[in-house]
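Heads up: the structure comes next, in C-alpha cells.
All of these numbers come straight from a predicted model, not from anything done at the bench.
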2 protein chains.
Amino acid sequence: MSLPHAILTALLEKPSSGLELTRRFDRSIGYFWSATHQQIYRELGKLETDGLIRALPAEQPSRGQKKSYEVLPAGRAELARWTAASQDPKPHRDALLLRLRAAAVVGTAGLEADLRRHLELHQRQLAEYREIEKRDFPPGRDGTEDRLRHLVLQAGIDLETFWTQWLGRALADVAALPGGEPTRPA
Amino acid sequence: MSLPHAILTALLEKPSSGLELTRRFDRSIGYFWSATHQQIYRELGKLETDGLIRALPAEQPSRGQKKSYEVLPAGRAELARWTAASQDPKPHRDALLLRLRAAAVVGTAGLEADLRRHLELHQRQLAEYREIEKRDFPPGRDGTEDRLRHLVLQAGIDLETFWTQWLGRALADVAALPGGEPTRPA
DNA sequence: ACACCTTGTGCAACTAGTTGCATAAACCGT
DNA sequence: ACGGTTTATGCAACTAGTTGCACAAGGTGT
C-alpha cells in the first residue's frame, strides 16, 4: 500500500497532472518506487474520491486536457501517519540471483551475456545517479530536506555500486568455470 | 514468472514435499525469492499438470500425507532455458526509502524508532548469512556448484552490509535534524 | 482539408502475490 | 478415549501490479 503515498509525496513536492507525475516517477521517485501511468491515473482517482487530493480548477476539464492535482490537509495527515508507522520490510525478489543459483544445477550456458548486460545497465544507472548528485547536491547546501533526499540518493548510489562490483566478480567467476555444462548432469 | 523456476531449482537440489520446500524457502532460496506455502502448493500443482515435475510414488497419497516431487527432464530443460534467457531487471520497490523521501516533506516524527528496528533486522540477517558462510563454505572447497552458490550468498552478505551501514548513517542524520516538524509546514 | 504524430487520460483484462481459513492425519499428555 | 498441538495439504477471496488497448485534443506537414 505504498503507491498512494508515493503519489502524495510527489504532489506535495509539486502539484502535477497525471502525465507530469508519470514523468517524475520515471526519473526520480520511480528509482525506488516505480509506477506506470495507468497505475498513477487509477490511484489519482482513488485519492480524489477519498478526499486526500483535489483537482486544481482548470478552464476546460475535458478529455485531452491537463488536470493537475494538489494534496489536501487530509492527504498530508495520512502521509505523515504512514511515514511514522512501523512497517516490516517486504521480502525482496531478485531473479538474477535466482538464475545464478539455478545455474549451479543446470549449468551456466548462455548466462554470461546477460550478466554483462546487467553490469552495463547498473553502470549506466550509477553514472546517472552521480550526475543527479552533482547537479542537485553540490557540496555547499544542506537544508534538512536536502539532507534526507541526499540520503535516499546515496542509497541508490551505494546499491548500484554494489551491483556493479558484484556483477564484475560474478562474471569473472562464471568465465573461469568449465563451461555451460550442468555440474550434476541428469 | 520466477516462482516455478525457484521451485524447480529447489527440487533439483533435492526432491521434496510441499512443506519441506516451504521450510527450505524460509531459510535459503527465500532470501532472494520468498514464497508462502500456499503459493508453493499451487505452483506444484501447475508444474505437475504441465509435466515438468511428478509426485514420487507414495503408499497412501491421501490428505495429511507427505507427497514428494521430483523434476522431470522437461522441467530441467525449462529451467535451463529460463536461466539462459535474457531478462530485464524488474524495478525495485523500497518502502523505507520512500518513507525517507516523504519525511523530507512531512517531517521525521516517529521515523527514528523504525529505522533503528530495521537496522537491527538487517544486522541479524547479516549475522545469519555469515553463519551460513562459515558452515557451508569453509575456505577449502570450491567446486563449481559451490562457487556459484557462494557468489549468491556473497550478494546477500554485501547487501546486508550496505543496509546496516546506510541505516547507521541515516539514523545519525535523522537524529541530528531539528525534530519531527515538517520542513515545509502546510 | 486531410493524414499523421505527439500529448494526455483512462478502461479492462490479466498475472502474481497475500491473507484467511479449512481439513485431516499423527503425535502427545492425561 | 479425549482434547490439544504439530505436521501437512489445500481452496477462495483479495490486493497490487502489468499489459494491451482506446480515445480525444492539438500541432505539423502537404
Selection from dG17(D), dT9(D), dT18(C) that lies nearest to any side-chain heavy atom of L19(B): dT9(D)

Integer-rounded Å distance: dA16(C) P and L98(A) CG: 14 Å

SB check R81(B) E78(B) (cutoff 4.0 Å): yes

Any N/O donor-acceptor pair, Q38(B) side-chain to dG17(C) base, under 3.5 Å: no

Nucleotide dT9(C), atom P - distance to CD1 of I7(A) in whole Å: 13 Å

Atom-pair distance (CD on Q39(B); P on dT15(D)), nearest Å: 17 Å

Nucleotide of dT18(C), dG17(C), dG17(D) approaching P91(A) most closely (side-chain heavy atoms): dT18(C)

L21(A) CG - dT7(C) C1' separation (whole Å): 15 Å

With Y129(B), the ring-ring contact (aromatic ring centres under 6.0 Å, His included) member among Y31(B), F137(B), W163(B): Y31(B)

Separation of dG10(D) C1' from L44(B) CG (nearest whole Å): 11 Å

Options dA8(D), dT18(D), dG17(C), nucleotide nearest the side-chain atoms of T36(A): dT18(D)

Candidate nucleotides dT7(D), dG17(C), dG10(C), ranked by approach to the side chain of Y41(A) - the nearest: dG10(C)

Nearest-Å distance for atom pair CE/C1', residues M1(A) and dT18(C): 14 Å

S17(A) vs dT9(C): side-chain N/O to OP1/OP2 distance below 4.0 Å: yes

Out of dG17(C), dA8(D), dT18(D), whichever nucleotide has its closest atom nearest the side chain of R93(A): dG17(C)

Option among E70(B), R24(B), K67(B), R23(B) that satisfies the side-chain hydrogen bond (donor to acceptor under 3.5 Å, both in side chains) test with S16(B): R24(B)

Distance-only donor-acceptor test, H37(A) side-chain atoms vs dG8(C) base atoms, 3.5 Å: no

Whole-Å gap separating P (dG8(C)) and CG (D26(A)): 13 Å

Sugar-phosphate, base or nothing in reach of T22(A), heavy atoms under 4.0 Å: nothing

Parallel, tilted or perpendicular: rings of Y41(B) and H37(B) (30°, 60°): perpendicular

N/O donor-acceptor pair, side chain R42(A) with base dT18(D), under 3.5 angstrom: yes

Residue whose nearest DNA chain D nucleotide is more 5′ - E20(B) or S34(A): E20(B)

d(NZ, K90(A); C1', dA16(C)) in whole Å: 14 Å

Joint cluster assignment, L72(B) & Y69(B), ILVMFWY side-chain distance < 4.5 Å: no

